[in-house]
Every structure is written in C-alpha cells, then in structure tokens.
Peer 1: 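Here you go, one structure.
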Amino acid sequence: MNCLQSWPEPIVRVQSLSDSGIRAIPKRYVKGPSDRPSPLVESSAGSDVQIPVIDLQSLFSGLPQDESLRQETLDSIATACREWGFFQVVNHGVSHELMARTREVWREFFHLPLEEMQQYANSPSTYEGYGSRLGVEKGAKLDWSDYFFLHYLPTSLRDQNKWPKLPSSCRELVGKYNEELVKLCGKLMKILSLNLGLKEEYLQQAFGGEEVGACLRINFYPKCPQPDLTLGLSSHSDPGGMTLLLPDENVAGLQVRRARKWITVKPVPNAFIVNIGDQIQVLSNARYRSVEHRVIVNSVKERVSLAFFYNPRGDLLVQPAPELVAEDSPALYSPMTYNEYRVFIRTRGPCGKSQVESLKSPK
C-alpha cells in the first residue's frame, strides 16, 4: 500500500489546544461555510425523527420465539439498511458492564499525561496508535478530535504491545470487548445476507470467512471554544464493511444525513449504533447503502466514542454478488480490493461519498 511514512506537517494534539484555554480555534480547523454545523437545516437531538431502534432479543435469545416476531425483526433490519443505512440495536448479547468499562478506560487514557500517550504516536503508514488527523494532504482542513486506532483481525496484524499499557486494565478490556464485537458482527452479517436473498454465509465468505479484518478506533472530542465553526469528524461514509459504534451516552455528537437534513442521533442506553459501510453497498449492488455522517463538537463537554470496523480481508476483490446482478439490474461497481479502496481515505481523509461513487461502472 503506497502511503506516506510520516505526516506532512507537525502533529498538534487537539486536546492540548483545548486545554490551553484558547478562545478562538486555529484556522486549520475552521471549515468552509457549507461544511459547518449551522448552515444546513438540522434536526435537533430532541426531534421525533430518529434512526430506527431494533430489539434483537427475538433473534439472539436462544429461546423458542414467536416466528412472526422474528420475521418482524428481520424485516425491520432490512428496512433500516435500505432506507437509513443506520440503526441502533438493543438486547444484542454484549455485556453492558463490559461496554461501560471499556469506554471509561479509554476516557482515562485520554486524560493521562501527554508524554504517556505520545509513546503510541502513529504514522500514516498504518494509522495504528495515537493520532490527531486523517489524510496526508498538506494544508488540509483538520477535524477537532484525537483518536487511538488499533488492529484486532487478522491476528497477524494484532500486536497488543501497541495497545496502551495504562490504564492497567486497558489491554484486557479491549481484548474482551473486541472478541464480543466480532461475534456480534458475525451474527449481523448472517441477517444481512438472508435479507438480501443470499445464503446465510455469503457476506461473511465474501469478507474472507475466518480471515476478516477488524479494527477499533477510539475517538476523543475535546471541548471546543467555537463548535459552530468546525467538526469533530468531517462528513464521510465508512469505507469498510460494517461499523458498530459505542457512543458517549451523555453527549450527543453523531449526525446522519437524510435527504437535506442532518439528524442528530440520540443514543439509546446500552445500544450499539450499526451502520452499513461502502463494501456492503458494493456487495449488495446498492440494495443497502452507506450513508454520510459526521460528528459535531461541544463547548462545555468532551466526548468519547468507540468505532469497531468489520471489514473484508484486504487482498480480496469486492464486487456485487452475482445473485443481485441481472439484465435489468446490472453490476453498479467495478471490482476492487479493500486494501486499494482504503488508500483513498487514508490519503485524502473524510470526503463525503465521493470514493464509493467513483467506483461505479461506466454505463
């Protein structure tokens, strides 16, 4: 993968800027007028319009269930994938205590002394470690966030020595958390396959079977003195397959684009926010669509969220499933490996849906 080995400019930690007491953010973080949170008509966190919330108990409990309720749940997921690209899931089988402890241990990490965090400073060659920017274009506008990125699957990329040793429980919690989310993603992939009319294992096999990719990015959004001028994360669709987001339950931040509005997602306690990535849009031949989303920041509260990315194996060609291609429904996308695909966001940073749209086959 052709990526730079070092950042084009010195890295500034957003948390350091926030802690310095500045009243105006540096120009590098000021977005153009059309990209700021305020210009577009937006839905507030209290709006009645929200992404669907789906109870998975009828699918995952292991107990005898009403078949009509099971089908209703499957239909709800299919509708959410077609119409929203986002949904929240409850009764998903992951321990609520594990979720809370993992989120809080990362909040503790981002409050360690800077020199401790700097031991894990990342580079654009892999992005693994402690970072403060996405993309390597010199002079690019930056987002108001820091993060920590780590690999979990394939195991050949997993190196727990690159995970924080402090707080002392971090490595153990992250291992348990990632293990549980891999299981949940596997279950959801079967549901998505069946809802597309494919064999239950189709999407999992298209991702590489047992050799899928999985990684975790912990996002830290410090307090911002001018939240109306910047974003915590610019508008983008996720380049991978599927994302499970554990949000900060106390501070709204995620916004999902629907038509011409930005919907501010109201997190449900103990829920994961699931969203479809570009690779499933391609495999489903756009039956399911990845959706633009972004993150706003707050002047009085910091925010922590955990994004778990479940991706195809990097060297496999990803293309529309043959069963979803017909004369009246031709393949919309040209084949490409995920390794090739993600070079785009690692080079340019978040750029709406321009990458997946560029894949469309010539008519």
Peer 1: May I have the list of side-chain donor-acceptor pairs in residues 211-225 shorter than 3.5 Å, sequence neighbours left out?
Peer 2:
residue	atom	partner	partner atom	Å
R217	NE	N219	OD1	2.8
N219	ND2	S305	OG	3.2

Peer 1: Write out all pairs satisfying side-chain hydrogen bond (donor to acceptor under 3.5 Å, both in side chains) with one or both partners inside residues 244-253, taking only residues at least two apart or from two chains.
Peer 2: R107-D248

Peer 1: In terms of ring plane angle, is the pair W7 and Y127 parallel, tilted or perpendicular, where the classes change at 30° and 60°?
Peer 2: perpendicular

Peer 1: Are E108 and R101 close enough for a salt bridge, meaning some N to O gap below 4.0 Å?
Peer 2: no

Peer 1: Check the orientation of Y338 and Y341. Use parallel for under 30°, tilted for 30 to 60°, and perpendicular for over 60°.
Peer 2: parallel

Peer 1: Is V268 isolated, or which residues cluster with it under the ILVMFWY side-chain rule of less than 4.5 Å, directly or via members?
Peer 2: V53, V90

Peer 1: Could you list the residues that satisfy side-chain contact (heavy atoms from CB on, under 4.5 Å) with K141, not counting sequence neighbours?
Peer 2: K31

Peer 1: Could you label the plane-to-plane angle of the H293 and F86 rings as parallel, tilted or perpendicular, counting under 30° as parallel and over 60° as perpendicular?
Peer 2: perpendicular

Peer 1: Can you list every side-chain hydrogen bond (donor to acceptor under 3.5 Å, both in side chains) pair that touches residues 167-183, not counting sequence neighbours?
Peer 2: E172-K176, E180-K183

Peer 1: Which pairs would a plain distance check flag for residues 314-328, meaning a side-chain donor or acceptor within less than 3.5 Å of a matching protein atom at least two apart in sequence or in another chain?
Peer 2:
residue	atom	partner	partner atom	Å
D315	OD1	R313	NE	2.7
D315	OD1	R313	NH2	3.2

Peer 1: Taking the six-membered ring of F309, is NZ or CZ of R342 closer than 6.0 Å to its centre and within 45° of its axis?
Peer 2: no

Peer 1: Is it true that K190 and E201 have a side-chain N and a carboxylate O under 4.0 angstrom from each other?
Peer 2: yes

